[in-house]
Structure formats: structure tokens, C-alpha cells
Amino acid sequence: MNTVKPYRGRFAPSPTGPLHLGSLFTAVGSWLMARQAAGKWMIRIEDIDPPREIKGAAQAQIECLKAFGMESDEPILWQSQRSERYREVLQKLMAGGNAFECFCSRADVIEHGGIHRFCVAKNAEKHPAIRLRIPDITIGFDDRFQGRFSQMLGTEVGDMVIKRADGFWAYQLAVVVDDADQGITDVVRGRDLLDSTPKQIYLQGLLGFRTPHYAHLPLVRDEAGNKLSKSMSSCPVDPGDPMPALRQVWQCLCQSPEDWPQERSPERALRQAIARFDAMKILSHSQMPTL
Ligand code: GLU
């Protein structure tokens, strides 16, 4: 009997600005992996941090992705509309004794080594954050590109905020609930999120959710294999002229320039690129030592 679930991937931008080369790299990487597995690919807008949000950015990102030939296979999920579901999960965690109110300020935590193991708040007057109780447990997983990655959660992470003191939901809670509710089987995202993954796996376990496969893409590299500078990868891409950026992203994904389809429309180029894309090339680059 075949128990392998059909592949369901996603791209989950935060609407903090226009789509840039680094996020296009993740979008195209996750899109190609999903398409090659004959799977679905969904867009999720992670708009739960209004102080960091730029008005109109989410819509611009969605339109930009479309101009680059990528559209969500299912209705786009907006995290700002999911509060009720997050509240339900939070209540379950609190009722089970896995989450608690915490009045510690950032400064309090920093004063105690930067990791929250128990409450040390000096004043209890403002609103509390809600933290997930993290035990002394090591969680490891096999990442498709980065290999085995483990973290000792108690000493390296500590009790983590799942609802902020300012009332906003924390990314770690929202992402775990949404990946589960959307039935995501494969998370492809940037390597900068590698060390978020063990805590997400821990939370999935508490909530009885299935853990997806993870593939953290290496840092964006240029054609010569050098790391792309931060300023270059944060350079906005031009939806009016998608082909140069797509070609560049293809090479950043460690693919040979001559394999990039000679097409004029991004849809046709991407469609042809599916069969030519070789994730093994990323794997060999990911395992190169980086400084
Ligand atoms: N919203 C996150 C970001 O833009 C990505 C989260 C994820 O892929 O899990 O960095």
C-alpha cells in the first residue's frame, strides 16, 4: 500500500516590502520542488506583525509572483484572518499546562543569559506574553539540503513566546498551525529559518500534528558560487521584466545557465524548467563549507 502523501508545498512571505531577489529565490525553489513532485504549491501571507507590515505589500507580492509565472493552487491563506484558530490552539496548550503567562521583559531575559527558563520579571504591571514551556529535550531532523540538524531546546532556545505581550501572534505558533491545517508535506524555505525548525517540530508533537519534510535552501549565491551580498539579495525584483531575475535565480539555485529554457514568457520558461531542475546540485553546494 502506498502511504506517501501527495506533495503539498508553500511559499509564505511576510508583507514587509516588495518581493526581492532572496524571496524570489525561495519562491522559485519551492515552486520547482513542488512541481517536480507533481504536487501543489500554495501562497500564504504571513501578515501577523502589523508594526512591520508595509501597506499594500502583500498584494504587490502576490501580483509580482503572478508576473513571474507563479500562482497559488489553492486560495491564499492570510494569517491575519486566523486569530480564532490560533486562540483555540493556545487555549489547548494552556489547559494542558504547556503554555503560561509571562511578564518578563526582553531586558529581564537578557539579564538572565538571554534564554527563558523561569520567570524573573521585575514588574508585573503590563500585559503578559504567553510562552510555551520548553523542556530539556534535544530535537533533530534530517534536512534535505543541510543534512542532520539538532538542537538542545532547553539550553539553546528556552521557553518561547507564542503570543506577544503586544497582543500579536508569534510566527512560531502561526506557522506550525498553518502548515498542519494546510496539510503541508514539504517545507522549502531559506536557511535562515533552520534553527526555528526544531522548536516547530516540538510544538507539532505537542499538538499531535504530522511533521513535514524540510528543505532549507542554502544562502543565495551568485553565478560564481559566492554568497550574494545582503544588499543584492534584498534588491527588489522588477515584475515588468521578469526574465533576467528568473535566469539569475535559476543560477543561484546552482543550476547551469545553459539549462535555462530559451522562452520569452515566464510561465513557459518555468514549465519547461521543471524537468531540467536538479535538486541534487543544490545538495552538493549546501554541503560546501561556508565561512
Ligand atoms: N514568513 C517568513 C519569512 O518571510 C517565512 C516563514 C516560513 O517559510 O516558514 O521569512
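In what follows, residues are counted from 1 in the order of the sequence shown. Just so it is clear, the values below take in all heavy atoms, side chains as well, and ignore hydrogens, waters and symmetry mates. Note that ligands are numbered from 1 as they come in the structure, with each ligand's atoms numbered from 1 the same way.
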Exercise for review: Indicate yes or no for a side-chain donor-acceptor contact from Q61 to the backbone of Q59 under 3.5 Å, with no hydrogens or angles considered.
Suggested key: no

Review point. Just wondering, do R268 and P261 contact through their side chains at under 4.5 Å, heavy atoms?
Key: no

Study note, to complete from the structure: Under 4.0 Å from one or more heavy atoms of E46, ligand 1 contributes atoms 1 (N), 2 (C), 5 (C), 6 (C)

Practice item. Scan R10, R35, R8 and name whichever one has a salt bridge (Lys or Arg N to Asp or Glu O under 4.0 Å) with D73. Key: R35

Point to revise | Carboxylate-amine/guanidinium contact D136 R117, below 4.0 Å | key: yes

Point to revise | Sub-4.0 Å atoms of ligand 1 with respect to non-hydrogen atoms of R10 | key: 7 (C), 8 (O), 9 (O)

Review point. Just heavy atoms, cut-off under 4.0 Å: does F11 contact ligand 1 by side chain, backbone, both, or neither?
Key: neither

Review point. Taking heavy atoms and a distance under 4.0 Å, where does L193 meet ligand 1: side chain, backbone, both or neither?
Key: side chain

Review point. Of all the non-hydrogen atoms in the protein, which one sits nearest to atom 3 (C) of ligand 1, and at what distance?
Key: S14 OG, 3.6 Å

Review point. Counting from 1, what ligand 1 atoms have a heavy atom of R189 closer than 4.0 Å?
Key: 7 (C), 8 (O), 9 (O)

**Study point:** Proximal ligand 1 atoms for Y171, defined as those under 4.0 Å from one of its heavy atoms
**Key:** 6 (C), 7 (C), 9 (O)

Check your understanding: Is a side-chain donor or acceptor of E156 paired with a backbone partner of M152 at a separation under 3.5 angstrom?
Key -> yes

**Study point:** Distance-only N or O hit between ligand 1 and A12, under 3.5 Å
**Key:** yes

Point to revise | For V175, the ligand 1 atoms whose distance to one of its heavy atoms is below 4.0 Å | key: 9 (O)

Check your understanding: Does R85 come within less than 4.0 Å of E88, counting only side-chain N to carboxylate O?
Key -> yes

Point to revise | R44 and E46 ion-paired at < 4.0 Å | key: yes

